[in-house]
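First comes the structure, then the notes that go with it.
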Amino acid sequence: MAPRDEFKRYEDEDDVEDEIAIELEDEVNDFDEESSNEAPERANNVEDDSGQHQDYLLRAIASRDPDWIEEAFFYEHHRSENIEMGISDSDDTDSDNSANEVSDNDSDKDWEPDDVESETDSIKSLSAGRENTEEDDLIKIIKKAKSTKKQQPPTLENDDIITSVSFSPTNDVIAIGTIEGDVCLYSYDLEKTELIMQYSAHMGNCRKIEYDESGELLYTISNDKSIIIAESNGGKFKNVYDGAHENGIYSISVINENLFCTGDDGGVIKLWDRRKKVEAFSLKICDEYISSLCSFDENSTIACTAGNGTVAGINMNTRRIVSKSEPYNADITCSGLFCSNTKLAVGTSVGSLLLYSWGQFSSWNDEFPAVDKKKHAVNCMVPITENIAITGLDSGCIRATHLFPMRHIGVVGQHGATVESMDINRDGTLIATGSIDNKVCFWNVEYFEEVSMTDKNKKDNDKARENNLPSSHTVNASDFFAGMA
């Protein structure tokens, strides 16, 4: 029997009993409107047996599905209230017959005024007692869990697969690239996301999108071998490079207001000056795709990672490879700078992380064997602090890892499909992740400012791997019940 059906039995009874029904309905309305308007189907098959009810509750908690947990406690809470009031599930199934019997008996039975008065006083006394009862601790916990989800913008959905995301460095706008070659700009706040501009940039897949430092220009690349630089306000094309590479372009890094670097599927990188129509130089690194490019303005070196498992450092002044690693036993897929730009961390297709000293890429300094227990590929990465990396995995999971020392922190969030891209906003409070499920999800990561690696974290490193952090849509059972201690 669905929880909402418990209140139907009051509808056909006298007005005095309706007061109790209204009391119960008011408590239900305190729950999230979306949850309370739907009768949970899973509860329909639960018989009125305390053992079976307990098993249903435990299975809901084990699932770590917050919606299921909420509906299970919702059902259990009101079932318990009915038991206290002497109302059983079997009473509800016979409610129509009971109502008819009451109606028939009313004509035969002589009610005395004193009886009516005493019955009314009894109901009023019960109602007054209910009003004075403090709110159930479990309901308070559920409400608290619900309120934490309002700390980030709502999920953004697009008609096409999302291949890349980039936050504006100057305002609350996010740009996304799609598999159809379109560029969409959305404004966002805690209540809504709104499409403010859309334009078609490429004939092929828009593989990467990136703002320049000023936030005035958007750089996009595609497997159709083109590069487009457009104004972020209006979408007017400023620079168009058709046939910029002989192969599809896979990666881009904007170095400063004029210089940017691109890498393609054939292992070639090119340095560009947008004041000119041709590349400044071109260099063949390997025969596999260039998965990522990493640089910063104060340094003349570009680090590029490749599908053949190598990391290479290229000096932009001498236009030569200054150091190159031996191939790793898997693709190197993404990279990020840490420790004040002195360390380069890279992700791999087997779920590991490698650390290199900047400029010394001949061999890695340290290896973190598996971000994910099942060794899903690490597709993208953003530095969240000088020591913490957020990674997006093939499994759809978004994980946080402390690099110095290397420790698992936990699960930031989840997508229903592969996470393809991610970015961090201008004040470091939000990350956005794009997935092939056509969604961009936002995650509030302010809590990382308080993260420290204690002795307990070190001992429970494997357990921490599965820990759901405050931004996650899944609630840890231990956290859920912590408020009841």
Within the 3.5 Å criterion, strictly below it, is a donor on Ser222 or Asn205 matched to an acceptor on the partner's side chain? no
Looking only at side chains, do Thr333 and Ser349 share a donor and an acceptor under 3.5 Å apart? no
If you measure from the Lys or Arg side-chain nitrogens to the Asp or Glu carboxylate oxygens, is any gap between Arg207 and Asp224 under 4.0 Å? no
Tell me yes or no: between the side chains of Lys324 and Ser362, is some donor less than 3.5 Å from an acceptor? no
Using 0.5 Å steps for rounding, measure from the CD1 atom of Ile252 to the OG atom of Ser292. 13.0 Å
Working to the nearest 0.5 angstrom, can you tell me the gap between Ile332 CD1 and Glu288 CD? 12.0 Å
Would Lys208 count as a cation-pi partner of Tyr219, with NZ or CZ less than 6.0 Å from the six-membered ring centre and within 45° of the ring normal? no
Checking Ser395, Cys397, Cys441, Cys380 against Val419 for side-chain contact (heavy atoms from CB on, under 4.5 Å), the one that qualifies is Cys380
Within the 3.5 Å criterion, strictly below it, is a donor on Asp394 or Asn379 matched to an acceptor on the partner's side chain? yes
With side chains defined as the heavy atoms from C-beta onward, is the minimum distance between Ser282 and Lys270 less than 4.5 Å? yes
Backbone N or O of Ile290 within a donor-acceptor pair of the Ser251 side chain at under 3.5 Å? yes
Please state whether the rings of His408 and Phe368 are parallel, tilted or perpendicular, taking 30° and 60° as the class boundaries. tilted
Please tell me if the side chains of Thr220 and Val183 come closer than 4.5 Å, counting only heavy atoms from C-beta onward. yes
Sole candidate of Leu393, Val440, Ile398 that passes side-chain contact (heavy atoms from CB on, under 4.5 Å) when paired with His415: Ile398
Are Trp443 and Thr433 linked by a side-chain donor-acceptor pair shorter than 3.5 Å? yes
Please round to the nearest 0.5 Å and tell me the distance separating atom CD of Gln152 and atom CG of Asp189. 13.0 Å
Plane angle bin for Trp364 and Tyr356 - parallel if under 30°, tilted between 30 and 60°, otherwise perpendicular: perpendicular
Quiz question: by atom type and distance under 3.5 Å, do the side chains of Asp437 and Ser435 form a donor-acceptor pair? yes
Trp358-Phe338 aromatic ring centre distance below 6.0 Å: no
Please report the C-alpha distance between Asp172 and Arg426 in whole Å, then the side-chain angles of each, then the deciding distance to 0.1 Å, and finally whether the salt bridge (Lys or Arg N to Asp or Glu O under 4.0 Å) criterion is met. CA-CA 9 Å; Asp172 292 339; Arg426 66 185 190 279; 2.7 Å; yes
From Ile174 CD1 over to Ser166 OG, what is the distance, rounded to the nearest 0.5 angstrom? 7.5 Å
Do Tyr211 and Thr170 have side-chain N/O donor and acceptor atoms under 3.5 Å apart? no
If you measure from CG on Leu293 to OG1 on Thr305, what distance do you get to the nearest 0.5 Å? 7.5 Å
Which atom pair, heavy atoms only, marks the closest approach of Ser300 to Asn317? CB-ND2, 3.5 Å
Have Asn233 and Glu231 got a donor and an acceptor in their side chains that come within less than 3.5 Å? no
Taking atom types as modelled, find out whether Asp331 and Tyr289 have a side-chain donor-acceptor pair closer than 3.5 angstrom. yes
